[in-house]
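The structure appears below as structure tokens.
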Amino acid sequence: MLNLDEEVRLFTTNADRERYENLATLFGLITCLDYLERAYIRDSVPPAQYTPACTRLLAQYKTVLKVIGDAIQSLDAFVAEYRMDVTAAVHRLRVGVPATVEHSGDEGVETAKWIAETTQNFITFMDALKLKLRAKDQLHPIMTELMSGYTKFPKSNEWEGRPKILHWLITLNQMRASEEITEEQSRQMLFDIEHAYNEFFRSLSSQNVHLVVPIHAKQCVSRLERTKVRMRGRYHT
């Protein structure tokens with residue numbers, strides 16, 4: 001006989017548990033981005049705070065998708081399955097850059113777009129390492145995209161971070177798809193990429209390029225945790 005007071009187990013293995021946690025994180029990121037977009041539309045968040053927070057969330061979304069893999073068919077399918085009312089977030093995820101970049105004036109729009117995309121690529125790669133992604137086929141595509149955007153800036157040849165990024169790109173190129181970097185390599189790679197990331201912004205600032213240094217979206221952390229709980233609750237019903 002069914003016991004209505006018995007807790008429903010969401011998972012029976014560690015792999016299942018990890019999958020649910022990743023799905024909950026994705027749910028939280030999309031929800032958080034939707035709140036941010038709506039707040040920006042209402043002028044509740046100024047561009048100086050909106051741009052870095054949005055850039056961070058877009059980068060984290062890309063990272064989570066790589067971790068989840070084939071667990072979801074598409075963004076639309078995920079939103080429909082969990083009956084999410086997040087039209088603002090869906091639009092932003094499809095565009096891929098903050099609204100401040102999407103609606104920039106003609107002057108400097110390409111530079112603004114390069115800065116936003118390169119920032120996302122830096123964050124995505126660093127987050128991938130922090131999530132312990134180690135295989136070449138997980139890291140190489142992100143590193144290639146990062147290098148491609150990074151080299152668009154005229155002064156990149158003079159930056160100390162360029163040879164370090166190139167070194168790690170060559171290292172990954174020489175590996176088989178299934179090969180993984182070591183823990184020591186991962187730590188050094190993260191150190192080098194973070195150094196290049198910080199130098200990237202210092203160099204652009206010295207060239208009087210308008211940018212906003214990204215910050216962590218602290219306002220979304222507690223909301224993200226709450227949405228994880230909400231999503232788990234959907235599996236109980």
Note: Lys66-Asp127 ion pair, threshold 4.0 Å (strictly below):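 So Lys66 does not pair with Asp127 through a salt bridge.
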
CG on Leu58 to CZ on Arg92, rounded to 0.5 Å: 7.5 Å

Side chain to side chain donor-acceptor pair (under 3.5 Å) evaluation trace for Thr55 with Thr119: CA-CA 7 Å; Thr55 299; Thr119 300; over 6 Å; no

ILVMFWY network linking Leu131 to Leu139, side-chain heavy atoms under 4.5 angstrom: yes

Any donor-acceptor pair under 3.5 Å from Lys136 side chain to Asn173 backbone: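 Judged by distance alone, yes, a pair lies under 3.5 Å.
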
Nearest non-hydrogen partners of Ala128 and Ile142, listed with the distance: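 Heavy atoms only, the tightest pair is CB-CD1, 4.0 Å.
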
Nearest heavy-atom neighbours spanning Gln120 and Ala59: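 Smallest interatomic distance, heavy atoms only, reads O-CB, 3.5 Å.
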
Candidate pair Gln49 and Tyr40, rule side chain to side chain contact (heavy atoms under 4.5 Å, CB included), full reasoning: CA-CA 9 Å; Gln49 294 180 8; Tyr40 177 68; over 6 Å; no

Sole candidate of Glu183, Glu180, Glu179 that passes salt bridge (charged side-chain N to carboxylate O under 4.0 Å, His left out) when paired with Arg134: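 The salt bridge (charged side-chain N to carboxylate O under 4.0 Å, His left out) with Arg134 is passed solely by Glu183 among Glu183, Glu180, Glu179.
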
Ring geometry between Phe201 and Tyr197 (parallel below 30°, tilted from 30 to 60°, perpendicular above 60°):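 Judged by the thresholds at 30° and 60°, the geometry between Tyr197 and Phe201 is perpendicular.
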
Parallel, tilted or perpendicular, as decided by the 30° and 60° cut-offs, for the rings of Phe200 and Tyr150: tilted

Asp192 and Gln188: CA distance, side-chain angles, deciding distance, side chain to side chain donor-acceptor pair (under 3.5 Å) verdict: CA-CA 6 Å; Asp192 290 343; Gln188 186 62 48; 3.0 Å; yes

